[in-house]
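Read the structure below first, then the notes.
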Amino acid sequence: MALSRRRHQHHNRTRCLIPAISSVSAALFLLFFCFSFLVPSPGDSDHFHQTRHYSSMNDVIGEGNEVPVFRVPTSGGVYDRDIWTSKNAQFYYGCSNCSIKFAKAKDVTRPNHYLAIATSGGLNQQRTGITDAVVAARMLNATLIVPILDKTSFWKDNSNFSEIFNVDRFISYLAKDVEIVKEPPQRRGHIWAPYTMRVPRKCNDKCYTSRVLPVLLKKRAVMLTKFDYRLANKLETDLQKLRCRVNYHALKFTDPILEMGAKLVQRMRMNTKHYIALHLRFEPDMLAFSGCYYGGGDKEKIELGKIRRRWKTLHISNPDKGRRQGRCPLTPEEVGLMLRALGYGRDTHIYVASGEVYGGEETLAPLKAHFPNFYSKETISRKQELEPFSAFSSRMAALDFIVCDESDVFVTNNNGNMAKILAGRRRYFGHKPTIRPNAKKLYRLFLNRNNTTWGEFASKVRTFQKGFMGKPREVRPGRGEFHENPSSCICEDSNAIAKMDMGLLKRGKGYITTKNDTDTTSESQNMGDDPDWSDPEDDEDLSNEQGKVLYNQTSLDYDALMSEEPELDELLSD
């Protein structure tokens, strides 16, 4: 009887527990249901802080397959192209020798007439000023004093020219072109104080002749201040080639910088044959300067607004317009997705040249998820090795410059000074791939990526990036800054083209050579194009006069990415 009574009591307790459990379950289910409506969809915002959700979204399948699967593959994909080289690069080379008509410096330089310049900005902005200063001195037939570097700009680096660049090589290499001295001359026992003036931006040879030459002839020594972008893009060919001799041959970093840079490159290649260098440019100052907004609410607006006030002349920004027009840097997550779509797998090694990233590790996490082999100069060097450079922003920037220049693929995330200088340099030295995001066209694609499949997304990325990959003849000669597109210093290798002509004729394939740099026929028409780089919907547009269409589309996109106020682009930090 006792046993029966205990069983009966146990049975009663069980019957009481069942309704309680059911009530709790129902409450939890209702809470979960309400919460699902309150949480915003990751596709509803482009806020970079939400990018950490996108990786998990890759594995989500919509109910009834109504929402396509956006799943980033582990591998880079299989394409019929070499993702580490530029097609047809072997048919072009850098050529900067002057013509026989270009007189020697000793025959044209006016005795006791000196030109001094004071550069502006960071390392690469200063580099453009130094390069253009040599050309300005040549146009004025004056002796150039080794340029003075800016020490008061945002970067506040007190380095002298000789602490960053090899001054003896600079002088000796250009001896036939321009006479250069290290120090201002003395006059009556005192250093000659030059007359200070400034020239307009994009000043051409006639401008220098009319504005500066009369003053130089009268005062004998002239100092041009804030000398950045003070020389026109278009000059006669010999002066353009002089620009290239300065930038690509005469300007070398000092031995300590070169040696440390070489160590960093060697360490990047220790575990991989190829690597990508990414100039991320997602620092707070860059975002503040651009006036872009990434959905961070009042906190982001207040933080970036305080930084933006450093530039008192900046206009009131329209963040939405900037994003639509492609004037804003991509988020680290977006850069990662673009590179994966272009065929680079998770095993790709990436070197990131960047300062403090806005949002820190949380912002970088999605990019690192796509590319776990993620490095910077700080991670592949010892603290003691960087100590001689770490207190000087320009010397640290020089180390990044070397690693980016030596990379197999360089990716730039804005159109600042370092991006322009390296893009031009890589064109000159063999058209090594330089990827510049076509942010205007990619913007909508990123916004709607969770409503498409990975295959469709990747195909469109590859299509949009045509003309932004650093291939030969992507951009018309004269388009963009000369430092970015030094077309006067790029020549065709006629022997290499002739050999390929013969090979194609033997195999029964037609081929038409191009001899005129201004011809609108693209190499993609003559040498074949990558079939995987176009969508069927684009084939019709590119089938007739393909080169001309590519040129025009690329030029329009390049123009669209330039600022409505050119001076703002030139203020962009390195």
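Keep in mind the model is a prediction, meaning the values are calculated, not measured. Basis for what follows: all heavy atoms, side chains included, without hydrogens, waters or symmetry-related copies.
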Backbone of [Y] reached by a side-chain donor or acceptor of [X] within 3.5 Å:
X      : Y      : result
Arg426 : Ser407 : yes
Asp157 : Ser393 : yes
Arg201 : Tyr229 : no
Thr85  : Pro433 : no
Glu362 : Gly359 : no
Asn438 : Phe464 : yes

side-chain hydrogen bond (donor to acceptor under 3.5 Å, both in side chains) between Arg127 and Asn247: does it pass, once the steps are laid out?
-> CA-CA 8 Å; Arg127 191 178 186 117; Asn247 202 0; 2.8 Å; yes
To check you understand the geometry: which heavy-atom pair defines the closest contact between [X] and [Y], and what is its length?
X      : Y      : result
Asn124 : Ile421 : O-CG1, 4.1 Å
Ile83  : Leu342 : CG2-O, 3.8 Å
His349 : Asp347 : CD2-O, 3.2 Å
Lys241 : Cys489 : CA-SG, 3.8 Å
Ser376 : Tyr351 : C-CE1, 3.6 Å
Pro472 : Asn88  : CG-O, 3.9 Å

Decide whether [X] and [Y] meet the rule of one side-chain donor and one side-chain acceptor closer than 3.5 Å.
X      : Y      : answer
Asp132 : His483 : yes
Arg243 : Gln240 : yes
Thr452 : Glu456 : yes

Could you go step by step and tell me if Arg269 and Asp408 meet the side chain to side chain contact (heavy atoms under 4.5 Å, CB included) rule?
-> CA-CA 11 Å; Arg269 296 202 182 278; Asp408 300 280; 3.0 Å; yes
Could you walk me through whether Ile164 and Phe253 pass the side chain to side chain contact (heavy atoms under 4.5 Å, CB included) check?
-> CA-CA 6 Å; Ile164 298 176; Phe253 293 121; 4.0 Å; yes
Nearest 0.5 angstrom please: [X] [atom1] to [Y] [atom2], how far?
X      : Y      : atom1 : atom2 : answer
Leu422 : His279 : CG    : NE2   : 8.5 Å
Asn450 : Phe457 : CG    : CZ    : 9.5 Å
Met260 : Lys377 : CE    : NZ    : 10.5 Å
Glu378 : Leu386 : CD    : CG    : 6.5 Å
Ser120 : Gln125 : OG    : CD    : 5.0 Å
Lys466 : Phe468 : NZ    : CZ    : 13.5 Å

Is there a side-chain contact between [X] and [Y] in this structure, where contact means two heavy atoms from C-beta onward sitting under 4.5 Å apart?
X      : Y      : answer
Leu442 : Gln465 : yes
Leu330 : Phe446 : yes
Glu484 : Asn415 : yes
Val409 : His274 : no
Leu264 : Ser381 : yes
Pro329 : Ser290 : yes
Thr348 : Ile276 : yes
Arg395 : Ile257 : yes

I'd like to know if [X] and [Y] make a salt bridge, using a cut-off of under 4.0 Å between side-chain N and carboxylate O.
X      : Y      : result
Lys87  : Asp82  : no
Arg281 : Glu283 : yes
Lys471 : Glu474 : no
Lys432 : Glu406 : no

Between [X] and [Y], ring centroids under 6.0 Å:
X      : Y      : result
Phe91  : His431 : no
Trp84  : Tyr344 : yes
Phe170 : Phe161 : yes
Tyr294 : Tyr358 : no

Step-by-step side chain to side chain contact (heavy atoms under 4.5 Å, CB included) determination, Leu339 to Ile435 | CA-CA 9 Å; Leu339 291 176; Ile435 300 174; 4.1 Å; yes
Qualifying residue for ring pair (Phe, Tyr, Trp, His ring centres under 6.0 Å) with Tyr248, from Tyr428, Tyr173, Tyr93 | Tyr428
Considering residues, nucleotides and ligands other than Glu356, do more than 12 of their heavy atoms fall under 6.0 Å from its CD?
->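 At most 12 heavy atoms, drawn from other residues, nucleotides or ligands, come within 6.0 Å of this atom.
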Not counting sequence neighbours, which residues clear disulfide bond (SG atoms under 2.5 Å apart) with Cys404? List them please.
-> none
Geometric class of the Phe70/Trp454 ring pair [parallel <30°, tilted 30-60°, perpendicular >60°] | perpendicular
Step by step, would you call Arg425 with Phe401 a side chain to side chain contact (heavy atoms under 4.5 Å, CB included)?
-> CA-CA 11 Å; Arg425 183 178 178 84; Phe401 185 98; 4.0 Å; yes
Taking only residues two or more places apart in sequence, or in another chain, which ones meet Asn160 in a side-chain hydrogen bond (donor to acceptor under 3.5 Å, both in side chains)?
-> Lys151
